[in-house]
S.K.: 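Handing you a structure now.
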Amino acid sequence: MSDEIRRNMALFSIGSVMKLTDLTARQIRYYEQHELIVPARTDGNQRLFSFNDVERLLQIKALIEKGVNIAGIKQVLNPVSKDSEDATVITDQSGVKRKELDDAQLHKMLKRELLTGNRRGKVSLIQGELSRFLNHKS
DNA sequence: TTTCTCACA
DNA sequence: TGTGAGCA
């Protein structure tokens with residue numbers, strides 16, 4: 001669990017993130033405007049990204065390449081409180097939590113689509129690049 | 001030099 | 001989204 005801490009601690013400049021994600025600074029800032037990511041700031045108002053942010057950016061990139069728009073990406077990335085909209089739960093003949101179930105399945109479906117083809121390949125590639133970047137650091 | 005915000009193509 | 005201006 002303390003892994004979360006480190007993931008959110010490592011900080012990169014937007015320039016590093018650009019190289020790591022192949023996104024332009026413009027895109028990165030654009031995604032931030034749409035709340036797809038929420039990087040921290042330095043004293044000089046400089047953006048600081050964590051490993052989590054980088055991974056998030058890579059997911060966003062993958063989704064965009066699949067033709068998903070900002071709104072769609074928000075749905076996949078934003079954990080929209082698990083129980084903040086149970087007001088519209090349908091109570092049909094089969095069950096009581098119809099809507100909730102559908103949301104969960106949809107979310108899982110989208111996530112799977114996003115990661116289809118590189119369950120491990122892309123991730124390890126990313127980590128490899130991160131390591132190379134951190135070690136070379138020249 | 002790099003990043004930032006803002007505005008226009 | 002890209003690009004350029006003017007700052008810090």
Side-chain angles (χ1 to χ4, degrees):
Chain A
M1 294 300 203
S2 57
D3 206 46
E4 297 263 322
I5 300 177
R6 285 179 294 185
R7 286 185 179 180
N8 291 309
M9 275 221 320
L11 303 175
F12 302 97
S13 67
I14 195 170
S16 303
V17 179
M18 281 178 69
K19 295 173 184 175
L20 263 34
T21 64
D22 272 316
L23 291 170
T24 65
R26 188 74 179 76
Q27 289 177 297
I28 296 170
R29 294 175 186 133
Y30 181 73
Y31 302 150
E32 180 189 12
Q33 286 191 308
H34 288 273
E35 303 177 272
L36 264 41
I37 52 173
V38 280
R41 296 285 183 150
T42 65
D43 318 355
N45 196 43
Q46 220 90 326
R47 264 170 270 252
L48 289 180
F49 303 79
S50 66
F51 282 94
N52 269 179
D53 292 323
V54 175
E55 285 183 38
R56 203 181 182 71
L57 250 0
L58 287 168
Q59 293 181 66
I60 293 171
K61 181 189 175 191
L63 285 175
I64 285 182
E65 293 178 334
K66 286 180 176 295
V68 182
N69 55 40
I70 300 296
I73 295 173
K74 283 184 182 178
Q75 290 182 59
V76 185
L77 264 43
N78 285 322
V80 185
S81 294
K82 302 167 186 176
D83 45 30
S84 63
E85 59 176 275
D86 40 344
T88 329
V89 174
I90 301 174
T91 308
D92 60 19
Q93 312 157 326
S94 58
V96 194
K97 297 186 293 184
R98 217 298 181 64
K99 186 179 190 309
E100 210 168 46
L101 180 65
D102 281 2
D103 285 347
Q105 296 185 318
L106 174 61
H107 195 251
K108 193 168 185 176
M109 256 178 63
L110 291 172
K111 273 188 177 176
R112 185 178 177 177
E113 259 186 54
L114 163 64
L115 303 174
T116 297
N118 36 213
R119 302 175 182 177
R120 188 169 20 197
K122 192 162 189 176
V123 175
S124 44
L125 171 64
I126 292 167
Q127 298 189 339
E129 288 190 41
L130 285 175
S131 298
R132 197 197 318 166
F133 172 77
L134 293 174
N135 290 317
H136 196 191
K137 179 66 176 179
S138 63

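Reminder, nothing fancy here: chain letters follow the sequence lines and each chain counts from 1.
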S.K.: For residues A:Leu36 and A:Arg56, report the shortest heavy-atom separation together with the two atoms involved.
M.R.: O-NE, 2.5 Å

S.K.: Would you name the heavy atoms of A:Ser50 and A:Met9 that are closest together and state the gap between them?
M.R.: CB-N, 4.4 Å

S.K.: Return the value, rounded to whole Å, for the distance between atom CD1 of A:Ile14 and atom C1' of B:dT3.
M.R.: 7 Å

S.K.: Counting only Watson-Crick pairs (N1-N3 plus N6-O4 or O6-N4) and G-U wobbles (N1-O2, O6-N3), all under 3.5 Å, who is the partner of B:dT2?
M.R.: C:dA8

S.K.: Work out which heavy atom in A:Ile37 is nearest to a heavy atom in A:Ile28; give both atom names and the distance.
M.R.: CD1-O, 3.6 Å

S.K.: Take the protein atom OH of A:Tyr30 and the nucleotide atom P of B:dA7, then report the distance between them rounded to whole Å.
M.R.: 17 Å

S.K.: Atom CD of A:Gln33 to atom C1' of B:dT5: distance rounded to whole Å?
M.R.: 10 Å

S.K.: Can you tell me if A:Lys61 uses its side chain to pair, donor with acceptor, with the backbone of A:Thr21 under 3.5 Å?
M.R.: yes

S.K.: Indicate the atoms forming the closest heavy-atom contact of A:Phe49 with A:Ile14, along with that distance.
M.R.: CE1-CA, 3.7 Å

S.K.: Between the protein and nucleotides 2-5 of chain C, which nitrogen or oxygen pairs are less than 3.5 angstrom apart?
M.R.:
residue : atom : partner : partner atom : Å
C:dG2   : OP2  : A:Thr24 : OG1          : 3.0
C:dG2   : N7   : A:Arg26 : NE           : 3.3
C:dG2   : O6   : A:Arg26 : NH2          : 3.2
C:dT3   : O4   : A:Arg26 : NE           : 2.9

S.K.: How close do A:Asp53 and A:Leu48 get, heavy atom to heavy atom, and via which atoms?
M.R.: OD2-O, 4.1 Å

S.K.: Please state how far atom CE in A:Met18 lies from atom P in B:dT3, giving the value in whole angstrom units.
M.R.: 7 Å

S.K.: Which is true for A:Gly44 with a 4.0 Å heavy-atom rule: it touches a base, it touches only sugar-phosphate, or it touches nothing?
M.R.: nothing

S.K.: Please report the distance, rounded to the nearest Å, between OH in A:Tyr31 and P in C:dT1.
M.R.: 3 Å

S.K.: Using whole Å, report how far CG of A:Asp43 lies from P of B:dC4.
M.R.: 14 Å

